[in-house]
Chemist: 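There's a structure below that I have some questions on.
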Amino acid sequence: MKIDRLIGILSILLQKEKVTAPELADRFEVSRRTINRDIKDLCKAGIPICTSQGSGGGISIIDGYRMDKTILSSKDMQVILAGLRSLDSVSGSHYYGQLMEKIKAGSSEYVSGSESILIDLSSRHKETLPPKIELIQDAIEVGKTIRFKYYSPKGDSEREIEPYYLIFKWSSWYVYGYCLYKNDFRLFKLNRMENIIHGGSFIKKQGIPAPELSDRDIFPPKNKVKAVFEPSVKWHLIEEYGIGSFTELSDGRLLFEHEFADDDGLLSWMLSMRDKVTVLEPETVRRKLFSIASELKERYREG
């Protein structure tokens, strides 16, 4: 849509000192003539754009221009500030908080004082998480590898990766990069990373797409579980898997069916439910739960 392209062009012009019409045409997959018309439309909207010809020429916005209501509404600004506020919750330098103050100072006439959206991304690791995020951000910006010790279900290992993305997903922070030991792209959970340091410089691979992070891509289902839960944990099923994840039986108990990526995760979850659940299928999980329960009984047997 044209309006999306106009906003996109303006966003680029606000970030870059100068850009050429061919660059914009390639970026938005349109002709140079279309870009020229877009620039005229932006000028008519009151955006002070200037163009220069010859070597080193291009399209730019006059120095000192400040965004106003013609670009962003009060609601737009509230959403932007909420996002910056959330990033500051995991920033050790408070850079985003300072950036919020700059935006507010330049847009005070349409940024209200009310804050109806509060997001805290720091989790319970707010002391150790910000330094890791800051170090990884720096490595991504300057093109340096990071080395670290990693703790996983398969054991402890020393890793070195070329970092490309910091990702917040599944209520945790991850770094996505090219692992020099596995020779493949991997996702690493920051809470399991320790002793992170910068390594050597690397040439960034071109055209690296953002990783596919759907649950089925990262955790492909392998087993389907069928279990009956007590009514008292209905809230837990709804919170974890949604109200459509179970069927209410005539006696009030809840028949739950769901696919799981691995037995270990399923066993941990079932054990956390204590005596509020009975697994019906698969039989392998039933046997493992019985074995674990028997071992726990022996371990805690009095005398």
Side-chain angles (χ1 to χ4, degrees), residues 90 119-129 132 148-159 167-176 179 182 186-195 211-303:
V90 288
I119 306 170
D120 190 336
L121 303 179
S122 60
S123 73
R124 63 180 180 272
H125 302 275
K126 58 174 56 182
E127 296 299 325
T128 59
L129 201 53
K132 292 180 181 180
F148 54 91
K149 186 170 185 177
Y150 196 64
Y151 302 89
S152 75
K154 295 181 179 179
D156 307 345
S157 60
E158 300 290 335
R159 298 295 185 101
I167 299 165
F168 184 78
K169 180 78 174 178
W170 306 294
S171 301
S172 296
W173 282 90
Y174 299 80
V175 59
Y176 179 77
C179 180
K182 297 293 185 179
R186 290 286 192 273
L187 199 64
F188 297 93
K189 197 171 188 176
L190 266 61
N191 292 341
R192 297 180 185 170
M193 298 167 62
E194 288 297 334
N195 305 324
E212 293 291 337
L213 295 176
S214 70
D215 289 355
R216 282 187 169 270
D217 287 332
I218 303 300
F219 308 111
K222 296 178 181 177
N223 288 325
K224 186 173 183 179
V225 67
K226 189 174 182 180
V228 175
F229 286 80
E230 295 299 316
S232 60
V233 294
K234 180 189 291 187
W235 64 272
H236 201 116
L237 293 179
I238 293 173
E239 180 181 322
E240 291 282 339
Y241 298 101
I243 198 164
S245 63
F246 59 85
T247 303
E248 193 161 341
L249 302 176
S250 58
D251 59 1
R253 294 186 303 161
L254 311 170
L255 178 62
F256 172 84
E257 295 182 77
H258 194 77
E259 292 179 324
F260 280 82
D262 63 274
D263 283 355
D264 288 341
L266 171 59
L267 290 168
S268 297
W269 188 59
M270 289 300 175
L271 288 169
S272 72
M273 292 298 184
R274 307 189 307 277
D275 60 342
K276 304 298 183 183
V277 60
T278 301
V279 174
L280 304 179
E281 300 174 4
E283 183 62 30
T284 54
V285 171
R286 286 172 56 86
R287 287 199 298 267
K288 287 180 181 178
L289 285 170
F290 180 81
S291 175
I292 293 170
S294 299
E295 290 175 8
L296 288 173
K297 181 180 178 181
E298 291 302 316
R299 180 173 298 180
Y300 293 104
R301 183 190 296 274
E302 291 185 5

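Each residue takes its place number in the sequence, starting with 1.
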Chemist: Please give me the minimum heavy-atom distance between Gly252 and Pro231, naming the atom from each residue.
Modeler: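 Closest approach of Gly252 to Pro231: O-CG, 3.1 Å.
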Chemist: Checking the side chain of Ser268 only, and the main-chain atoms of Asp264 only, is there a donor and an acceptor separated by less than 3.5 Å?
Modeler: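 Side chain of Ser268 to backbone of Asp264: a pair is present.
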Chemist: Do Val225 and Phe256 pass the side-chain contact (heavy atoms from CB on, under 4.5 Å) test, and can you show the C-alpha distance, the side-chain angles, and the key distance before you say yes or no?
Modeler: CA-CA 8 Å; Val225 67; Phe256 172 84; 4.0 Å; yes
Chemist: Any chance you could measure Thr278, atom OG1, to Met270, atom CE, to the nearest 0.5 Å?
Modeler: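 Nearest 0.5 Å value for the OG1-CE distance: 10.0 Å.
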Chemist: Would a 4.5 Å heavy-atom cut-off, applied to side chains only, mark Glu239 and Trp235 as touching?
Modeler: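 Counting from C-beta outward, Glu239 and Trp235 do come under 4.5 Å.
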Chemist: Return yes if some donor-acceptor pair links the side-chain N/O of Tyr150 with the main-chain N/O of Gly155 below 3.5 Å, else return no.
Modeler: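 Such a contact is absent between Tyr150 side chain and Gly155 backbone.
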Chemist: Could you check, using the six-membered ring where one of them is a Trp, whether Phe188 and Tyr174 have ring centers closer than 6.0 angstrom?
Modeler: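 No; Tyr174 has its ring centre 6.0 Å or more from that of Phe188.
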Chemist: Apply side-chain contact (heavy atoms from CB on, under 4.5 Å) to the pair Lys226 and His258, showing each step before the final yes or no.
Modeler: CA-CA 7 Å; Lys226 189 174 182 180; His258 194 77; over 6 Å; no
Chemist: So do the side chains of Arg253 and Glu248 get within less than 4.5 Å of each other, counting heavy atoms only?
Modeler: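 Arg253 vs Glu248: side chains apart.
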Chemist: About how many Å separate CD1 of Ile292 and NZ of Lys297, when rounded to the nearest 0.5 Å?
Modeler: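 If we round to the nearest 0.5 Å, Lys297:NZ and Ile292:CD1 are 16.0 Å apart.
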Chemist: Working to the nearest 0.5 angstrom, can you tell me the gap between Asp262 CG and Leu266 CG?
Modeler: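 Here the interatomic distance stands at 8.0 Å.
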Chemist: To the nearest 0.5 Å, tell me how far Trp170 CH2 sits from Lys189 NZ.
Modeler: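 The distance works out to 9.5 Å.
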Chemist: Less than 4.5 Å apart, any side-chain heavy atom of Leu190 and any of Thr128?
Modeler: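 No - every pair of side-chain heavy atoms lies 4.5 Å or more apart.
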Chemist: Write down the atom of Pro211, the atom of Ile167, and the distance for their closest heavy-atom approach.
Modeler: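 Shortest heavy-atom contact: CG-CD1, 3.5 Å.
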Chemist: Hey, what do you get for CZ (Arg299) to CZ (Arg301), rounding to the nearest 0.5 Å?
Modeler: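 Rounded to the nearest 0.5 Å, the CZ-CZ separation comes out at 13.5 Å.
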Chemist: Should we say atom NZ of Lys222 is surrounded by more than 12 heavy atoms from elsewhere, each under 6.0 Å from it?
Modeler: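 Check fails, neighbour count at 12 or below.
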Chemist: Is any side-chain heavy atom of Leu129 closer than 4.5 Å to one of Asn191?
Modeler: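 A side-chain contact under 4.5 Å exists here.
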Chemist: Run Glu295 and Glu298 through side-chain contact (heavy atoms from CB on, under 4.5 Å) and show every step you take.
Modeler: CA-CA 5 Å; Glu295 290 175 8; Glu298 291 302 316; 5.9 Å; no
Chemist: Between Trp269 and Phe229, what is the ring plane arrangement, given parallel below 30°, perpendicular above 60°, and tilted in between?
Modeler: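 Judged by the thresholds at 30° and 60°, the geometry between Trp269 and Phe229 is tilted.
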Chemist: In the structure I gave you, are the side-chain heavy atoms of Met193 and Val175 within less than 4.5 Å of one another anywhere?
Modeler: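 With C-beta onward as the side chain, the pair touches.
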Chemist: Could you check whether any side-chain N or O of Arg286 sits under 3.5 Å from a backbone N or O of Val279, counting only pairs where one atom can act as donor and the other as acceptor?
Modeler: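 Such a contact is found between Arg286 side chain and Val279 backbone.
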Chemist: Which atoms form the tightest heavy-atom contact between Leu213 and Lys169, and what is the distance?
Modeler: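 Scanning both residues, the minimum pair turns out to be O-CE, 3.1 Å.
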Chemist: In Å, rounded to the nearest 0.5 Å, how long is the span from CD1 of Ile243 to CG of Leu237?
Modeler: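 It comes to 10.5 Å.
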Chemist: Would you confirm whether the ring centroid of Phe246 sits within less than 6.0 angstrom of the ring centroid of Tyr241?
Modeler: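 No, the ring of Tyr241 stays outside the 6.0 Å limit from the ring of Phe246, centre to centre.
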Chemist: Any side-chain heavy-atom pair from Phe148 and Glu194 closer than 4.5 angstrom?
Modeler: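 Phe148 does not reach Glu194 side chain to side chain.
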Chemist: Hey, does Glu257 have a side-chain heavy atom less than 4.5 Å from the side chain of Lys224?
Modeler: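 Yes. Closest side-chain heavy atoms under 4.5 Å.
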Chemist: Are Lys276 and Ser232 close enough that some pair of their side-chain heavy atoms sits under 4.5 Å apart?
Modeler: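 The answer is yes, as the side chains (C-beta and beyond) meet within the 4.5 Å cut-off.
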Chemist: For side-chain contact (heavy atoms from CB on, under 4.5 Å), just list the numbers for Leu254 and Thr247, CA-CA rounded to whole Å, side-chain angles, deciding distance to a tenth of an Å, and then say yes or no.
Modeler: CA-CA 6 Å; Leu254 311 170; Thr247 303; over 6 Å; no
